[in-house]
Q: 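Structure in structure tokens, see below.
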Amino acid sequence: MNQIEFYRTWDLAFRNAKKKKRECLLENCDKTAIKSHALQKNGILKQLSEKNHLFQFSNVPPFKKRRKGNFELSRIGINDVYTFPGFCKEHDSSVFKPIETSEFDIKSDKSINLFSYRALCQEIRRKEIAVDVADKLIATKYNIALVAHMTDYKTGLLNGLENLYFFKRELENDMEKSESSFIYKICEIPKTEICISAPINIYDEKNPLTETHDSNGNVTNNQFVTSFMNTFPHKDKSYVMTTLHKDFKCNWTENLFIQFESSKNSEHLKLISDLISTRFEF
């Protein structure tokens, strides 16, 4: 297999992994997932669209000629932008109904919980797709270095999935009980036609629950500190939401939110730009 054939194999593996049928991410549901939008299609995304299209950053495949770097700005139809195979038709409608109406309570803990939950589930699916691609590339045995790299990469993905599933269960528990395990925060900023919806994973050695030490001095790594960030325009404002687990509170995200609250109008775009360029893949 030469390099061109390898890149074609990579591209085919990625496209097949994206098209693969997957089960609903809601616990104990084995129905087939449909195309879910990470953000409200007929509200948040619709008001940003021009002729039912939006622009989204995406990775440039390694075999494609790169004009300006590793990412490109693509014009994508509203039916396909910010989508992932997340939930079955029933749960995609019923679970997120509170944030799909035109006059939903954007500042309620319930709303912020649901936006965070959907962002987390999108990341779970992205990692599952990446695992499938890694498996395919490992099977090609293209060369020893690639197999070793992809094997390590897959291990990292599986560890990341285990971590995300912990927070998924915690967010699901918050949907049902009155006493919350999370801190939900929201603030208004001037309207900015940019959407972000994703988890943030940061290793925090200062959190005593991040590592467990036994009597022999052995260290066991537990959950990575994971928080959730959403920012999007709604009506005449944009909103910044953060969700922090009380036992695994992310100091970095908390400080970032304080900056959004206290910054002047001209500084908000700088904060958003830093988020996109340093913390998020999309």
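We count residues from 1, following the sequence as given.
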Q: Is it the case that atom NZ in Lys31 sees more than 12 heavy atoms from other parts of the structure closer than 6.0 Å?
A: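 No.
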Q: Any Lys/Arg nitrogen of Glu123 or Arg126 sitting under 4.0 Å from an Asp/Glu carboxylate oxygen of the other?
A: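 Salt bridge flag = yes for Arg126 with Glu123.
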Q: Please identify each residue that fulfils salt bridge (Lys or Arg N to Asp or Glu O under 4.0 Å) with Arg15, with sequence neighbours left out.
A: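 Expected list: Asp11.
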Q: Verify the distance criterion only: is there a donor paired with an acceptor across the side chains of Asn16 and Lys136 at less than 3.5 Å?
A: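 No, Lys136 and Asn16 have no side-chain donor paired with an acceptor closer than 3.5 Å.
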Q: Heavy atoms, side chains only, cut-off 4.5 Å: are Glu193 and Phe232 in contact?
A: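 No, too far: nothing below the 4.5 Å cut-off.
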Q: Which heavy-atom pair separates Ile124 from Tyr165 by the least distance, and what is that distance?
A: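 Where Ile124 meets Tyr165 most closely, the heavy atoms are CG2-OH, 3.8 Å.
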Q: Between CD of Gln122 and NZ of Lys127, what distance do you get to the nearest 0.5 Å?
A: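 Going from the CD atom of Gln122 to the NZ atom of Lys127 covers 11.0 Å.
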Q: I'd like to know whether NZ of Lys249 has more than 12 heavy-atom contacts from other residues, nucleotides or ligands below 6.0 angstrom.
A: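 No, because the 6.0 Å sphere around NZ of Lys249 holds 12 heavy atoms or fewer from other groups.
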Q: Looking only at heavy atoms, which two atoms of Leu45 and Cys195 are closest? And how far apart?
A: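 Closest approach of Leu45 to Cys195, heavy atoms only: CD2-SG, 4.3 Å.
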Q: Would you compute the distance between atom CZ of Arg118 and atom OG of Ser36 and round it to the nearest 0.5 angstrom?
A: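 Here the interatomic distance stands at 7.5 Å.
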Q: In terms of heavy-atom contacts, does OH of Tyr153 have more than 12 from other residues, nucleotides or ligands at under 6.0 Å?
A: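 12 or below, so no.
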Q: Strictly below 4.0 Å, N to O, side chains only: are Asp80 and Lys35 in salt-bridge contact?
A: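 Salt bridge present between Asp80 and Lys35.
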Q: Relative to the ring of His245, is the ring of Phe167 parallel (under 30°), tilted (30 to 60°) or perpendicular (over 60°)?
A: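 Geometry flag for His245 against Phe167: perpendicular rings.
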Q: Using only heavy-atom distances, determine whether the side chains of Ser111 and Asp105 contain a donor-acceptor pair under 3.5 Å.
A: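 Side chains of Ser111 and Asp105: no pair found under 3.5 Å.
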Q: Could you check whether the rings of Phe104 and Phe115 sit parallel, tilted or perpendicular, using 30° and 60° as the cut-offs?
A: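 Judged by the thresholds at 30° and 60°, the geometry between Phe104 and Phe115 is tilted.
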